[in-house]
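Okay, so here's the structure we're looking at.
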Amino acid sequence: MTENKELNTVVGIDLGTTNSVVSYPTKNEKGELEIKFIPNLHGDYLTPSFIYVGDNNRFLVGAQAKDKMAIDPTKILSSYKPYVGTDHVIGTIGDREYNAYTATAIALKYMKAGIEKYLGKPLDGAVITVPAYFDEIKKRDTTKAAEEAGIKVLEITPEPTASAFTYLRQHEFTKEEVETGKTILVYDIGGGTFDVSIVYVTAQGTAYVMGLGGDQYLGGDDFDTAIANYVQKRFLNRYKLDEHQIKKLTRSSEATKIAMMEDYDENKEYPIDISNLNLNTEIQPTISVAEYEELTKVFVNNTIEITDRVLTEAGLVTQDENGNKSFAIDEVVLVGGSSRLRNVRKALDELTGERFNLTEEDPYIVKPDYAVSYGASVRAQLILDGERDKVTNILSKNLGIADSEGRTMVFLEKGSGIPCRSSKRVTNSRENQDILEITILEGDSELASDNIPIGKAVIDLPEGLREGELDLSVTFKINNNGILEVSTSGDYSRRVKIDLKRDTDAENDAILVKDTVENAEFLSDIDEDNSSSREDLREEIQKTNNTTISWGDAPEAKTPEDLFGADEVKAIDDSDKISNSEEEREKMKKELSKLINSGDVEANWE
């Protein structure tokens, strides 16, 4: 049964740090579900997360914008996904500062234009994926950015959950597995974020998330930056590189990383191209596999520690008398371009006792670059068919409020199934209290000051209240779309819906953002403003870089959906190169200013 008869054209959007991918569900003549991929306006199936800002609100998005980096890096926005939900400035172009919210809305409007051009009809709705460890503000801002772009969001789905649906479509269950189901570990490391989920799947097509974790500021970009920093310190320490040279060096470092993925040789020195830095030097930086793995060990170890913790919290770890661990999982599913890195797979092998032999065998049940979008389209069709309950996602962190003693009053616990709802009563903590401040928190610490404030409400109270006289109900609700809603009702307060946002000025330019997105125009070539053709730019870049440029054209031999045929479930086509960002990212300041109120809320634990 269809959940919404008005929904006909739905898609799955993998909104990635490195690349975005769009697909849609359709039924064949036999009524069987098929997933098809949609090229963007330039005919590419992968849309790199790069935006070139031209004059008069005109933008170039994707591979063509990334190509523009070589000659005009000052007008490029990239690496914006990790900063959604903050007012972190990702680029200043002209007299305008751009944050991740605006960049995301522009990118989504570009994708929507490609979808509607390809399908020849309006888009009714989309399932959009985000990292499982995205906080509530990031999920909400992603939804708002989609709405700015004219996209109705059917659901915000965790990326590993979408990958689990792809696995369900591709995996042939044995007779025993039909009876017992399977517990899979989804390890998803992309360009800017890392997620790990434990998902129980059945042959009947259901998925239950048993545990999740991650780091929303860790990904392949960090590996590229580590190589670039190594080159600067060891080979180029006498040169003072400017911001644009550093971006070019980071892109060259990415190319070296990819070369190591494709041609892993522990005895080889891999060159890092610096010819485009214009340093007038004969220095040729190189890096060995051992040096690279030492540089990036801290990032890989972080993902392994998180994976171990998630498995332990899910109750899937046992330990023998000698301290050796074993894990009650049936398969490891690797997702995200950075999962191709050999040191990542080696570390996972070590964690699991080489039970899955990830280093020596092809570990991919699905193509990493397309797996998430594919699963999002499966999810979109389930919603279309009224089968939303085929999956149960869970909360990644506790949600609550700060009480008058500086503790966290938890409303919804980490691990709660989505959708979920909880109400508690609060009262005033002192006589003649004139306002009640409610600070909404996300995090797992008992101390309110150690958690992240994501919203705040101030309620005016009448004069003369005795201590404890107020009777106010606060309700936390995670809806079917995975979005948190907080409201209050009761004495001296009409029902109030609390808007979730950090204590920033991120929304002060809301009118400007709306105007930018609504009136955005997309260039069809590298730079229509000065009539330089793509071929002209190809020559210019190759003169500057002395390298061969890949223009990100759509695959010729086979479209992405061909890679998901029943006979090819173990196949992987590496022809699409990873395209991480050149932006040398700052680490987000996780220590946000504490907004905890000064003793105005008293928790009622009854």
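Residues T157 and A162 come closest through the heavy atom pair CG2-N, 4.1 Å. Taking every heavy atom of both residues into account, A149 and A105 meet most closely at CB-O, 3.6 Å. I90 and A103 get closest at one heavy-atom pair: CD1-CB, 3.7 Å. When all heavy atoms of D330 and G181 are compared, the pair lying nearest together is OD2-O, 4.3 Å. In this structure, V130 and F134 approach most closely via the heavy-atom pair CB-CD2, 3.7 Å. In terms of heavy atoms, V21 sits closest to S373 at O-OG, 3.3 Å.
K414 has a carboxylate O that lies under 4.0 Å from a charged side-chain N of E313, or vice versa, which qualifies the two as a salt bridge. Salt-bridge formation is not detected for the pair E177/K175: no Lys NZ or Arg NE/NH1/NH2 atom is positioned less than 4.0 Å from an Asp or Glu carboxylate oxygen. Residues D320 and K325 are not paired through a salt bridge, judged by the lack of any N-O separation under 4.0 Å between the basic side chain and the carboxylate. Taking 4.0 Å as the cut-off between side-chain N and carboxylate O, R379 and E155 count as a salt-bridged pair.
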Go through N398 and T408 one step at a time and tell me if the side-chain hydrogen bond (donor to acceptor under 3.5 Å, both in side chains) criterion holds. CA-CA 9 Å; N398 290 338; T408 302; over 6 Å; no

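Between N28 and E34, the side chains place a donor N or O and an acceptor N or O closer than 3.5 Å (distance only, hydrogens not considered). In this structure, a donor-acceptor pair under 3.5 Å is absent between the side chains of T225 and D222. The closest side-chain donor-acceptor pair between S487 and T475, if any, does not fall under 3.5 angstrom. For the 3.5 Å distance criterion, the side chains of K138 and Y83 fail to qualify, holding no donor opposite an acceptor. With no hydrogens or angles considered, no side-chain donor-acceptor pair links N451 and E442 at under 3.5 Å. In summary, the side chains of T296 and N343 do present a donor paired with an acceptor at a separation below 3.5 Å, with no hydrogens or angles considered.
By the 30° and 60° cut-offs, the orientation of the rings of F173 relative to H171 is perpendicular.
By the 4.5 Å heavy-atom criterion applied to side chains, I227 and K257 are counted as neighbours. V10 is listed as a side-chain neighbour of L154, based on a closest heavy-atom distance under 4.5 Å.
Not less than 6.0 angstrom separates the ring centroid of F194 from the ring centroid of Y217.
Judged by distance alone, the side chain of S377 and the main-chain N or O of Y24 form a donor-acceptor pair under 3.5 Å.
The side-chain hydrogen bond (donor to acceptor under 3.5 Å, both in side chains) with D215 is formed by just one residue from the set N302, T303, T193; it is N302.
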